[in-house]
Amino acid sequence: MGKDTGNYRRFIFIGIIIIALGITFTTTLKDTVGSLGTVLVAVGGLFFIIGMSKKRKEDEQKNK
C-alpha cells in the first residue's frame with residue numbers, strides 16, 4: 001500500500017461536496033448567488049470525473 005492508495009477517493013468526495021454546495025446555492029440562495037451555484041456544480045462534476053478516471057487507472061494497474 002503506497003501513499004497514493006485511495007487518492008481517487010479524495011477527489012470523488014471533494015466533488016460530491018462541491019456539487020452539494022452548488023445545488024444548495026442554486027436552489028435556496030437563487031437570488032443572490034444562483035450563478036455561483038451553477039459554477040460550483042460544474043467544478044464539482046469535474047472533480048468527480050477526475051476521481052473516477054484515477055480510480056479506473058488504479059484498477060487497470062492492479063489487474064496487470
Side-chain angles (χ1 to χ4, degrees):
M1 292 196 147
K3 190 175 185 180
D4 291 335
T5 303
N7 192 20
Y8 66 90
R9 291 180 183 177
R10 186 173 301 134
F11 279 97
I12 293 173
F13 183 71
I14 289 172
I16 291 171
I17 296 298
I18 293 174
I19 289 170
L21 281 173
I23 291 171
T24 302
F25 284 173
T26 302
T27 56
T28 60
L29 303 172
K30 189 184 311 183
D31 298 332
T32 56
V33 288
S35 59
L36 177 65
T38 306
V39 171
L40 285 177
V41 169
V43 170
L46 181 66
F47 271 96
F48 192 81
I49 290 170
I50 291 170
M52 293 303 288
S53 175
K54 287 182 177 278
K55 181 183 186 310
R56 182 178 47 94
K57 288 178 184 177
E58 185 175 307
D59 288 344
E60 286 177 357
Q61 288 179 355
K62 281 184 181 179
N63 291 333
K64 283 186 178 181

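In this chain, numbering begins with 1 at the start of the sequence shown. What you see below is based on every heavy atom in this structure, not just the backbone, and it leaves out hydrogens, waters and symmetry mates.
- Take R10 and apply the side chain to side chain donor-acceptor pair (under 3.5 Å) test, not counting sequence neighbours, and it matches N7.
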Side-chain donor-acceptor pairs under 3.5 Å in residues 20-28, sequence neighbours left out?
{"residue": "T24", "atom": "OG1", "partner": "A20", "partner atom": "O", "Å": "2.9"}
{"residue": "T26", "atom": "OG1", "partner": "G22", "partner atom": "O", "Å": "2.7"}
{"residue": "T27", "atom": "OG1", "partner": "I23", "partner atom": "O", "Å": "2.9"}
{"residue": "T28", "atom": "OG1", "partner": "T24", "partner atom": "O", "Å": "2.7"}

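- There is a path of hydrophobic side-chain contacts, each under 4.5 Å, that joins L40 to I14.
- When hydrophobic clusters are built by joining Ile, Leu, Val, Met, Phe, Trp and Tyr residues whose side-chain heavy atoms come closer than 4.5 Å, directly or via intermediates, V43 is grouped together with L36.
- Taking D59 as the reference, K55 meet the side chain to side chain donor-acceptor pair (under 3.5 Å) condition, with sequence neighbours excluded.
- Sorted by first and then second residue, the side-chain hydrogen bond (donor to acceptor under 3.5 Å, both in side chains) pairs involving residues 29-48 (not counting sequence neighbours) form an empty list.
- Taking R56 as the reference, E60 meet the salt bridge (charged side-chain N to carboxylate O under 4.0 Å, His left out) condition, with sequence neighbours excluded.
- Rounding to the nearest 0.5 Å places CZ of F47 at 5.0 Å from CD1 of I18.
- A continuous path of hydrophobic side-chain contacts links F11 to L46 [ILVMFWY only; heavy atoms under 4.5 Å].
- The hydrophobic cluster containing I49, built from Ile/Leu/Val/Met/Phe/Trp/Tyr side-chain heavy atoms closer than 4.5 Å, comprises no other residue.
- Side-chain contact between Y8 and E58: present, with at least one pair of heavy atoms (C-beta onward) separated by less than 4.5 Å.
- Cluster membership for V39 and V33, using ILVMFWY side-chain heavy atoms within less than 4.5 angstrom, is shared.
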